[in-house]
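Remember, it's a predicted structure, so these values are computed and weren't measured experimentally. Residue numbers start from 1 in every chain, and the chains themselves are labelled A, B, ... in the order their sequence lines are given, proteins ahead of strands. Just so it is clear, the values below take in all heavy atoms, side chains as well, and ignore hydrogens, waters and symmetry mates.
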There are 2 protein chains.
Amino acid sequence: MPVSPPRPKGPHLNALRAFEAAARLGSFSAAAEELSVTPGAITQHIKTLEAWAETPLFTRNARGVALTPMAEALVPEFTRAFDQLGLAVHALRKQVAPNKIKLATLPSLAQYWLPARLGKLRQIAPDLQVSVIALEEPPNLVREPIDMSLFFTSDPLGPNDIEVLRDRIFPICTPDVAARLTRLEDLRNETLLRDSTWSDDWEHWLSAQTDLGGIASGGTEHSLFAVALEEARHGGGVLMAHEALVQRFLDSGELVRPFAGIVDLPRKLVLHLSPKMVRSDQLAQIRDVLMEIAK
Amino acid sequence: MPVSPPRPKGPHLNALRAFEAAARLGSFSAAAEELSVTPGAITQHIKTLEAWAETPLFTRNARGVALTPMAEALVPEFTRAFDQLGLAVHALRKQVAPNKIKLATLPSLAQYWLPARLGKLRQIAPDLQVSVIALEEPPNLVREPIDMSLFFTSDPLGPNDIEVLRDRIFPICTPDVAARLTRLEDLRNETLLRDSTWSDDWEHWLSAQTDLGGIASGGTEHSLFAVALEEARHGGGVLMAHEALVQRFLDSGELVRPFAGIVDLPRKLVLHLSPKMVRSDQLAQIRDVLMEIAK
DNA sequence: TATTTTGGTGTAGAAAAACTCAACCTAGCT
DNA sequence: AGCTAGGTTGAGTTTTTCTACACCAAAATA
């Protein structure tokens with residue numbers, strides 16, 4: 001029974017948060033992603049926590065990490081704590097500014113699909129202030145100060161999810177380019193434009209047609225759909241497009257569909273609401289409005 | 001609808017913790033105390049949080065602070081979150097070292113009352129490793145990595161509290177000094193020793209005797225009971241003692257009670273257990289052992 | 001078998017956050 | 001008028017947190 005050490009300090013909150021994220025996601029790099037830091041930062045947090053607890057929490061296998069059985073048992077407790085904290089922060093945000101809404105979505109959706117809908121929304125509910133955050137990956141709505149997200153997913157819908165539309169893809173190009181294309185084989189001579197987010201959509205589409213291999217080989221891949229689309233508009237090739245994103249170019253005739261085939265992917269565009277939103281009465285109404293304009 | 005600001009960051013965890021503590025305790029300095037920092041640190045945390053939320057959370061009255069009505073509503077959410085986090089940390093500690101116990105208590109109890117009890121404990125349960133932390137104020141057992149606390153209090157007992165004994169006080173001194181004391185009035189010529197933690201015990205005791213005012217005026221106040229006791233042992237005056245702390249000196253005859261009067265204060269010595277302890281089965285047994293030896 | 005890829009580690013240095021200190025302010029007391 | 005309790009402020013310092021980048025090992029690929 002040693003006597004009177006200095007007042008013991010608890011572990012650092014940030015280290016606990018890093019632990020929880022790493023444990024929940026099963027990977028340091030995923031945790032790093034969620035917390036917007038580098039993987040090295042996570043490594044260090046976990047290490048300080050392990051030093052504090054005087055016990056290892058993860059086993060490091062060169063292919064990733066795995067929780068210690070001991071640590072495993074603790075994860076739900078920490079997850080509950082940080083979920084509750086996230087809820088509290090959401091409550092604070094809503095309390096302060098009930099009609100400021102943050103919506104996270106893909107850059108391409110933010111640019112080509114949302115603006116028209118948000119315009120409509122502004123007419124229906126002029127007091128709502130929606131700000132749009134463009135992200136490549138869906139954020140964790142419990143933890144981050146974001147109210148809604150709009151992403152493509154194939155996962156089954158949860159209780160806070162609303163399916164907006166199904167993803168339908170088909171090739172598009174300028175009328176000039178289309179004039180050169182009569183049979184699928186003609187694609188061999190064209191540049192196939194693709195977006196890195198959906199880089200195998202060409203394969204999906206082609207394999208749904210009378211298939212003949214080898215066409216989908218090369219092509220130019222762009223990290224932003226907007227860039228690929230721009231190239232298509234300048235006659236730079238044939239783009240595998242998503243219906244939701246190119247409707248207006250088809251309507252205007254600027255771009256056309258050289259082939260009739262449309263592929264319905266199992267992927268859907270889903271509006272996901274933060275847990276805080278579905279609960280609050282005031283916000284349930286906002287949600288209804290948004291579902292309305294989402295059509 | 002502004003588009004694509006950088007990914008919004010949540011507030012700093014430490015700022016949230018400071019807010020919760022300040023809100024719960026109703027005072028920045030109390031929060032500073034609980035978190036072992038200076039009041040200035042709390043001020044700054046609250047300010048960054050207010051800047052993040054873009055709204056004031058406290059109204060500053062020169063005599064202290066008060067929560068904004070808006071902030072008021074949020075406190076329970078944050079308290080729940082940090083309570084849950086504290087629980088999780090306790091779970092971690094117990095998981096790692098189930099039989100390491102941290103006990104916080106007053107320096108005087110740690111020095112004069114505990115050692116004999118802990119010795120007994122070591123015989124009953126040799127595998128328990130109890131470490132004692134001396135603190136002036138009872139810690140928050142939910143938040144700090146401490147399992148039990150032993151302090152005097154007049155508050156009613158909660159479900160995790162165990163009354164160990166009632167506080168009984170009386171004057172003591174060396175036999176030499178006692179020889180000079182036959183009537184209460186004789187105290188006027190002696191140095192009245194007192195501990196700053198319980199600085200008005202002399203008044204309590206005197207007013208319980210055939211009261212005559214003015215005796216309790218001066219005296220020497222020591223911040224540590226141990227120092228006052230040491231002075232009494234060297235014949236430096238008459239000390240207002242607590243039964244629990246001086247039993248052994250009375251037994252050995254080194255110190256004596258110059259007057260028969262004993263005052264039973266409404267204050268009791270209470271063993272408080274962290275919420276995690278009462279729940280766990282394994283630790284319920286430890287608790288029983290401790291109650292046993294507490295007698 | 002060689003090569004690449006994936007996910008984690010280690011360290012140095014830099015940036016950001018958190019803290020202390022000491023002077024200062026204000027309203028309520030004595 | 002002076003004192004006190006509680007908070008604030010700003011400068012300066014310490015701690016924490018992060019990044020950058022080189023490195024490592026197994027697994028996947030070729």
Side-chain angles (χ1 to χ4, degrees), chain A residues 6-53 56-68 71 82 89 136-137 143 196 199-200 217 221, chain B residues 6-53 56-68 71 82 89 137 143 196 199:
Chain A
R7 187 167 185 160
K9 313 260 304 170
H12 291 158
L13 297 183
N14 290 335
L16 293 178
R17 175 168 55 182
F19 167 71
E20 191 276 338
R24 173 165 41 82
L25 301 171
S27 139
F28 285 14
S29 34
E33 174 68 24
E34 173 165 312
L35 301 177
S36 323
V37 294
T38 54
I42 302 295
T43 302
Q44 293 180 64
H45 275 310
I46 303 293
K47 263 209 312 197
T48 51
L49 187 55
E50 289 178 324
W52 181 87
L57 297 167
F58 288 92
T59 56
R60 276 77 167 177
N61 327 312
R63 197 81 189 125
V65 293
L67 280 166
T68 308
F82 283 107
V89 172
E136 292 298 334
E137 295 291 334
R143 305 300 172 84
S196 61
S199 56
D200 36 357
S217 54
E221 185 165 310
Chain B
R7 187 167 183 161
K9 312 261 303 172
H12 294 300
L13 297 182
N14 290 336
L16 293 177
R17 175 168 55 183
F19 167 71
E20 191 276 340
R24 173 165 41 83
L25 302 171
S27 140
F28 284 15
S29 33
E33 174 68 23
E34 173 164 313
L35 301 177
S36 321
V37 295
T38 54
I42 302 295
T43 300
Q44 295 182 62
H45 275 310
I46 303 292
K47 265 212 307 200
T48 50
L49 187 55
E50 289 179 324
W52 181 87
L57 297 168
F58 288 92
T59 56
R60 276 75 166 179
N61 327 312
R63 200 82 188 123
V65 293
L67 280 167
T68 308
F82 283 107
V89 172
E137 296 291 334
R143 306 301 173 85
S196 59
S199 55

### Query
If only side-chain N and O atoms of B:His45 are considered, is one of them under 4.0 Å from the OP1 or OP2 phosphate oxygen of C:dC19?
yes
### Message
What is the distance, to the nearest angstrom, from the CD atom on B:Gln44 to the P atom on D:dG12?
### Response
15 Å
### Task
Please report the shortest heavy-atom distance between B:Ala31 and B:Ala18, naming the atom on each side.
CB-O, 4.5 Å
### Message
I'd like to know whether A:Lys47 forms a side chain to side chain contact (heavy atoms under 4.5 Å, CB included) with A:Gln44, so could you lay out the CA-CA distance, the side-chain angles of the two residues, the decisive distance to 0.1 Å, and finally the verdict.
### Response
CA-CA 5 Å; A:Lys47 263 209 312 197; A:Gln44 293 180 64; 5.5 Å; no
### Message
Please report the distance, rounded to the nearest Å, between CG in B:Leu67 and C1' in D:dG6.
### Response
16 Å
### Message
Please tell me if B:Lys47 has a side-chain N or O lying less than 4.0 Å from either OP1 or OP2 of D:dG7.
### Response
no
### Query
How about A:Arg17 and A:Arg143: do any of their side-chain heavy atoms sit closer than 4.5 Å?
no
### Message
In whole Å, I'd like the distance from the NE2 atom of B:His12 to the C1' atom of C:dC19.
### Response
14 Å
## Note on the structure
Closest non-hydrogen atoms of A:Ala23 and A:Phe58, given as atom of the first, atom of the second and distance, are N-CZ, 3.8 Å
### Query
OP1, OP2 of C:dG8 versus side-chain N and O of A:Thr43: anything below 4.0 Å?
no
#### Entry: Pairing string, 5' to 3', for DNA chain D - Watson-Crick or wobble contacts under 3.5 Å, brackets [ ] where pairs cross, | to another strand
||||||||||||||||||||||||||||||
### A:Val37 side-chain proximity, nearest of D:dT19, C:dT20, D:dT8
D:dT19
### Query
Does A:Thr38 make a side-chain N or O approach to OP1 or OP2 of D:dC18 shorter than 4.0 Å?
no
### Query
Does A:Leu13 reach the side chain of A:Phe82, with side-chain heavy atoms less than 4.5 Å apart?
no
### Query
Any side-chain N or O of B:Ser27 under 4.0 Å from OP1/OP2 of D:dG7?
yes
### Task
Nearest whole angstrom, please: distance from the P of C:dA27 to the CZ of B:Arg60.
15 Å
### Query
Just how far, in rounded Å, is C1' of C:dC19 from CZ of B:Arg17?
13 Å
### Query
Atom CZ of B:Arg63 and atom P of C:dC25: how far apart are they, to the nearest Å?
18 Å
### Task
Starting from C1' on C:dT9, measure out to CD on A:Glu50 and report it in whole angstrom.
12 Å
### Query
Want to settle it: does B:Thr48 or A:Ala62 sit nearer the 5' end of DNA chain C, counting the closest nucleotide to each?
A:Ala62
## Note on the structure
Closest non-hydrogen atoms of B:Ala15 and B:Leu49, given as atom of the first, atom of the second and distance, are O-CD2, 4.1 Å
### Message
Checking contacts here: which listed nucleotide (C:dG8, C:dA18, C:dT26) is nearest the side-chain heavy atoms of B:Asn14?
### Response
C:dA18
#### Entry: Interatomic distance, A:Glu20 atom CD to A:Leu16 atom CG [nearest 0.5 angstrom]
10.0 Å
### Message
Checking B:Ile46 against B:Arg60 for the side chain to side chain contact (heavy atoms under 4.5 Å, CB included) test, could you report, in this order, the C-alpha distance in whole Å, the side-chain angles of both residues, the deciding distance, and whether it holds?
### Response
CA-CA 12 Å; B:Ile46 303 292; B:Arg60 276 75 166 179; 3.8 Å; yes
### Task
Round to a whole Å and report the spacing from CG of A:Leu35 to P of D:dC18.
8 Å
### Query
Looking at D:dT19, C:dC19, C:dG8, which one has an atom nearest to any side-chain atom of A:Ser29?
C:dG8
#### Entry: Nearest-neighbour nucleotide for the B:Phe28 side chain, C:dT20, D:dG7, D:dT17 considered
D:dG7
